[in-house]
Amino acid sequence: MALWAGRFKKDMDGIVKEYNASIHFDNIMFNEDIEGSIAHVTMLEAVGIVTKTERDQIITGLEEIRQEIAEGRADFSSDDEDIHMAIESRLIEKIGDAGKKLHTARSRNDQCQVDARMYLKKKISEIARELLELEEIILKKADKYADCISVGFTHMQHAQPITIGFMFMAYFQMFRRDVERLTATYERMDYCPLGACALAGTTFPIDRGTTSELLGFRAPTENAMDSVSDRDYAIELLSNASISMMHLSRWAEEFVWWNSTEFSYIDIDDSYCTGSSIMPQKKNPDMAELIRGKCSRVYGDLFQLLALMKGTPLAYNKDFQEDKLGLFDAVETWRASVQIFSHMLDRTEFRMDEIQKFLDKGFLNATDVAEHLAQNGIPFREAHNIVGRMVQMAEEHGCQLEELDDTMLQEIDPRLNRDMVGDISIENCVNGRMSYGGTAPAEVRRQIDKGRRWLESLR
Ligand code: ARG
């Protein structure tokens, strides 16, 4: 019979037991559940609700159960419903009457929330570490490729030349914001619901400050009903996960096409690729594709939780038990994806000889010509039109913009000559983009230095 069976004449139907149980997915929080119980009973003793002997018996019993579970000796069954009741039942079985006092001034409604917040705080720290490791690798690569020129795209069309270091630093900013969002979410989540009880607090003289402090929270939550019934912290975390997975997925997408035969921009280390069971020559960028794929799963997890919550009245509803699977799935998927991406990035080199072949395609320096003309007194809008015509002419002659001679230029506009066009070599175009946040190697080095200082400030 369940721990709550007092008012029932019959046991649950077998299939109801199965359907009702969350033990098969919430047992992942067993450590947090035991920590929470130890803090709770420590507080119960401190305020005189249980004796020292009872407290010590309970703590010893809980520690033994922790060992049993950690060593895989615990036998979780749907009879126990969830990890909270499984541990409490086992405790009573082990130590008898003292164990029956543990659940004084507590409900599973606050208990599952303490466990979830503690579990997620731990996962957040792991994910933050992975993101910072990724940032380290990005900085290292950005530095290495600070002077290496590649194609910058808009609409997937050749746009302007950029440095690879510059592109790396674009992603650096995205992941920096991911870290900052994660930190803010952690801070909002860092309040302890224990002692909220079922929904309305308790008549026992508990000390929520003590349990909060023992469990490493900043403070107890303010309102009991809110504490047991909202899941906004989880939705916020899943939003963070979705945004960060989107960043990873975009970069992963670039890896996939950079790795294609048509581009051949990069060489991903063999250890981060897979082969084909039929085509012997294949070396597929499966890790990048999987990150793109797993991103959709995390989005699904976010939407599931948003949908779960939207029609639920205050306070606790059993629907909430369904908050866990997707949440646990998402945080671990996110952590693993950042880790895999970091290592893949670290083991990827750019093939500058291949990239070089693309630099004279698509008139990457056209904007620079327009800027030079504008600097020589032609209003930019007019200069833009002139260069458009230069591009037409160069296409007709099958040549580059820098190969149009004075006669050709004057045919387009009598004011034009080679001197006005100036040095439009790809190197010069890149070196000249010194505006704050621009792609010039010197400017990218400033971005790298600033990024490094931020990383160091977090150590
Ligand atoms: N396993 C439950 C959950 O995760 C714990 C809370 C159950 N509370 C209740 N009153 N049935 O939501």
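For ligands, and for the atoms within them, numbers begin at 1 and follow the listed sequence.
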Report summary line: protein heavy-atom neighbour closest to atom 5 (C) of ligand 1 works out as Asp82 OD2, 3.5 Å
**Report entry** For Asn109, atoms of ligand 1 separated by under 4.0 Å from a heavy atom
**Finding:** 6 (C), 7 (C), 8 (N), 9 (C), 10 (N)
Query raised in the report: Applying a 4.0 Å heavy-atom criterion (strictly less than), which segment of Lys324 is in contact with ligand 1: side chain, backbone, both, or neither?
Result: side chain
Query raised in the report: Does a side-chain N-to-carboxylate-O contact under 4.0 Å join Asp267 and Lys283?
Result: yes
**Report entry** Geometric cation-pi criterion, Lys121 with Phe217: 6.0 Å, 45°
**Finding:** yes
Report task. Could you tell me whether His84 and ligand 1 have an N or O pair separated by under 3.5 Å? Result -> no
Query - atom 7 (C) of ligand 1 - nearest protein heavy atom and its distance - result: Tyr316 OH, 3.5 Å
Requested in this report: Considering the heavy atoms of Ser22, write down every atom of ligand 1 situated less than 4.0 Å from one of them.
Outcome: 1 (N)
Query raised in the report: Side chains of Tyr191 and Arg117: does their closest heavy-atom pair fall under 4.5 Å?
Result: yes
Query raised in the report: Is Lys17 salt-bridged to Asp11, cutoff N-O under 4.0 Å?
Result: yes
Query raised in the report: Ion pair present between Lys123 and Glu130, side-chain N to carboxylate O less than 4.0 angstrom?
Result: no
Requested in this report: Could you check atom 11 (N) of ligand 1 against the protein and tell me its nearest heavy-atom contact, residue, atom and distance included?
Outcome: Arg108 NH2, 3.6 Å
**Report entry** Shortest protein contact, atom 2 (C) of ligand 1 (heavy atom only)
**Finding:** Gln321 OE1, 3.3 Å
Query - Salt-bridge contact Arg446-Glu443 (side-chain N to carboxylate O under 4.0 Å) - result: yes
